[in-house]
There are 2 protein chains.
Amino acid sequence: MSPPPFHIVFALFPGLTHLDFTGPHAFLSRIPGAQVHVASLEGGELEAEGGLVFGRTERLADIPACDLLCVPGGVDATAAALVAPYVAEVRRLGLSARYVTSVCTGSLILGAAGLLEGRRAACHWAWRHLLPLFGATPDPGRVVRDGNVITGGGVTAGIDFALTVLAEVGGEDLAKTLQLGLEYAPAPPFDSGRPETAPAAILEAYKTRMAPMMPRREAEAREAAARLGRG
Amino acid sequence: MSPPPFHIVFALFPGLTHLDFTGPHAFLSRIPGAQVHVASLEGGELEAEGGLVFGRTERLADIPACDLLCVPGGVDATAAALVAPYVAEVRRLGLSARYVTSVCTGSLILGAAGLLEGRRAACHWAWRHLLPLFGATPDPGRVVRDGNVITGGGVTAGIDFALTVLAEVGGEDLAKTLQLGLEYAPAPPFDSGRPETAPAAILEAYKTRMAPMMPRREAEAREAAARLGRG
């Protein structure tokens with residue numbers, strides 16, 4: 001007898017950082033019995049950061065419920081957090097999901113949907129300070145679990161996140177088998193992946209590059225929090 | 001003055017393992033001046049492994065030339081290696097590209113296109129033994145460079161591959177900046193990503209699961225090699 005379907009919903013929004021989503025998708029879609037819904041507010045084509053286009057996305061409203069909700073991030077996550085019908089769908093699915101999850105700044109969207117109140121959560125390191133706007137406690141972990149909420153850090157953390165979810169949902173043997181199949185034995189040629197290890201000049205240059213966009217993004221996050229009745 | 005466009009072509013085929021391509025895409029599309037072409041033989045919509053759909057892919061034939069060609073892999077790579085017009089486009093673009101690259105079993109397609117003769121190359125560990133059919137020397141490295149040919153190992157190796165390419169094309173500072181931005185400080189919860197480190201039972205189970213498909217895939221690779229005038 002085959003296992004019952006395990007419904008996974010990836011709730012995409014325009015401009016998302018696609019690797020936030022495709023990393024976990026490659027692993028989680030291999031769960032035996034997984035039924036994966038790549039979905040968006042409008043359905044159909046959706047353009048991600050870098051111009052990559054996903055086709056035939058489902059409409060979130062057409063999905064009655066799911067076992068696992070995963071919200072990816074991107075620099076446009078705070079804009080998505082202000083799209084009321086999108087946030088409402090994330091909230092609706094999240095309230096009944098067995099697992100409520102995100103990667104990168106997707107946790108800000110979970111927050112805007114009122115799903116992180118009183119929870120510890122991960123986020124991209126440069127955006128983590130915005131989590132308290134939504135009643136969440138920022139956690140610098142790469143993968144953070146608090147009850148049924150599992151959140152990953154920035155972008156590539158989605159792969160470590162996926163292995164953690166796999167072990168929870170399908171057991172460690174499944175996680176290890178897929179790790180072998182997707183040859184996840186990372187060997188970064190540099191050690192610049194965290195602010196704590198990056199060369200100081202690299203970190204400063206990165207912050208300088210991000211600085212012009214942050215006030216607008218922070219204002220969006222505050223507005224999303226205000227709509228929640230916070231702040 | 002802005003840098004001249006650096007044309008990157010990802011040559012997709014139906015059924016590809018999407019993370020082979022989206023991992024490098026997330027990094028390489030951030031090269032200043034990069035112009036990224038997500039392309040396929042027919043153009044338009046293309047369905048990857050796991051049902052993920054990419055939309056609006058360009059037609060390979062419409063791209064006159066590129067600076068970097070990247071061919072992803074997947075279990076269907078050997079089938080793609082038998083699609084003569086696809087292989088012809090890979091060959092055409094590869095012959096004039098400054099960098100000829102692949103991730104995972106994409107190296108078998110480079111091989112079928114006659115681009116790996118006498119070269120060392122990486123491949124997914126379970127498929128690496130097929131490289132000699134195309135005159136290439138299998139290299140167990142996660143990222144392997146031989147002249148202008150840079151190849152990555154299985155699936156997630158595409159991220160380490162991308163950082164190597166970034167350092168080459170844009171310098172180490174760019175690579176480190178993007179590593180920080182995409183928070184690539186991997187922390188796998190298990191150490192099962194290579195046959196050398198995976199638990200013996202996991203490795204055996206994986207091989208057993210792959211065994212039924214391998215004879216057909218190996219026959220496809222031999223046929224592709226025969227068309228090259230080898231074997």
Side-chain angles (χ1 to χ4, degrees), chain A residues 17-19 22-23 25-27 29-30 36 38 45-46 49-57 104 124-126 142-143 153-157 159-160 163-164 167 172-173 175-177 179-195 197-199 201-203 205-206 209, chain B residues 17-19 22-23 25-27 29-30 36 38 45-46 49-57 104 124-126 142-143 153-157 159-160 163-164 167 172-173 175-177 179-195 197-199 201-203 205-206 209:
Chain A
T17 295
H18 60 74
L19 186 54
T22 55
H25 183 285
F27 284 81
S29 63
R30 287 170 157 87
V36 179
V38 177
E45 275 191 357
L46 183 132
E49 204 185 6
L52 187 64
V53 176
F54 295 107
R56 298 188 230 157
T57 68
C104 197
H124 187 288
W125 64 266
R142 192 157 170 88
V143 183
V155 196
T156 56
I159 296 175
D160 297 315
L163 284 169
T164 303
E172 285 200 7
D173 278 3
K176 289 175 181 170
T177 303
Q179 184 178 8
L180 178 63
L182 301 180
E183 210 169 323
Y184 186 49
F190 311 107
D191 185 19
S192 186
R194 295 189 300 134
T197 62
I202 296 288
L203 179 60
Y206 182 85
R209 191 157 60 85
Chain B
T17 294
H18 60 74
L19 186 54
T22 55
H25 182 284
F27 284 81
S29 63
R30 287 171 158 86
V36 179
V38 177
E45 276 192 357
L46 182 133
E49 206 184 5
L52 187 64
V53 176
F54 295 107
R56 299 187 230 157
T57 67
C104 196
H124 187 289
W125 63 266
R142 192 157 172 86
V143 183
V155 195
T156 55
I159 296 175
D160 298 315
L163 284 170
T164 303
E172 286 202 6
D173 279 0
K176 289 175 181 171
T177 302
Q179 183 178 8
L180 178 62
L182 301 180
E183 211 170 321
Y184 186 49
F190 311 107
D191 185 20
S192 186
R194 295 189 300 134
T197 62
I202 296 288
L203 180 59
Y206 182 85
R209 189 158 62 84

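Lettering follows sequence order; numbering is per chain, from 1. Values below: all heavy atoms of this structure, side chains included; hydrogens, waters and symmetry mates excluded.
For A:A198, the part sitting under 4.5 Å from any heavy atom of chain B is the side chain, from C-beta outward, and nothing else. Looking at B:R142, the atoms closer than 4.5 Å to chain A (heavy atoms on both sides) all sit in the side chain, from C-beta outward. Within the 4.5 angstrom heavy-atom criterion, atoms from both the backbone and the side chain of A:L203 approach chain B. The part of B:T17 that comes within reach of chain A is its side chain, from C-beta onward, which places non-hydrogen atoms under 4.5 angstrom from that chain. Proximity to chain A is limited to the side chain of B:I159, based on heavy atoms less than 4.5 angstrom apart. Only the side chain of B:H18 comes within less than 4.5 Å of a heavy atom of chain A; its backbone N, CA, C and O stay farther away. Contact of B:P195 with chain A is made through backbone and side chain together, with heavy-atom distances under 4.5 Å. At a 4.5 Å heavy-atom cutoff, the contact between B:V38 and chain A is made by side-chain atoms alone.
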Assess the residue pair B:V53 and A:T57 against the criterion (side chain to side chain contact (heavy atoms under 4.5 Å, CB included)); give the C-alpha distance rounded to whole Å, side-chain angles, the decisive distance to 0.1 Å, and a yes or no. CA-CA 8 Å; B:V53 176; A:T57 68; over 6 Å; no
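In terms of heavy-atom pairs under 4.5 angstrom with chain B, the leader among A:T177, A:L180, A:T22 is A:L180. Between chain B and the residues A:D173, A:L52, A:T164, the largest count of heavy-atom pairs under 4.5 Å involves A:L52. Chain A forms the most heavy-atom pairs under 4.5 Å with one residue out of B:A201, B:G153, B:A185, and that residue is B:A185. Highest contact tally toward chain B, considering only A:R30, A:R194, A:H25, A:Q179, is held by A:Q179 [criterion: heavy-atom pairs under 4.5 Å]. Among the candidates A:Y206, A:F27, A:Y184, A:F54, the residue making the largest number of heavy-atom pairs closer than 4.5 Å to chain B is A:Y184. Chain A forms more heavy-atom pairs under 4.5 Å with one residue of B:V143, B:L163, B:L46, B:V36 than with any other, namely B:L163. For the set A:G181, A:G193, A:A167, the count of heavy-atom pairs under 4.5 angstrom toward chain B peaks at A:G193. Ranked by non-hydrogen atom pairs under 4.5 Å with chain B, the options A:P188, A:A26, A:S29, A:P189 are led by A:P188.
Within the 3.5 Å criterion, the main-chain N or O of A:W125 finds a donor-acceptor partner in the side chain of B:E183. Side chain of B:T156 to backbone of A:L182: a donor-acceptor contact under 3.5 angstrom is found.
In terms of heavy atoms, B:L19 sits closest to A:L19 at CD1-CD1, 3.6 Å.
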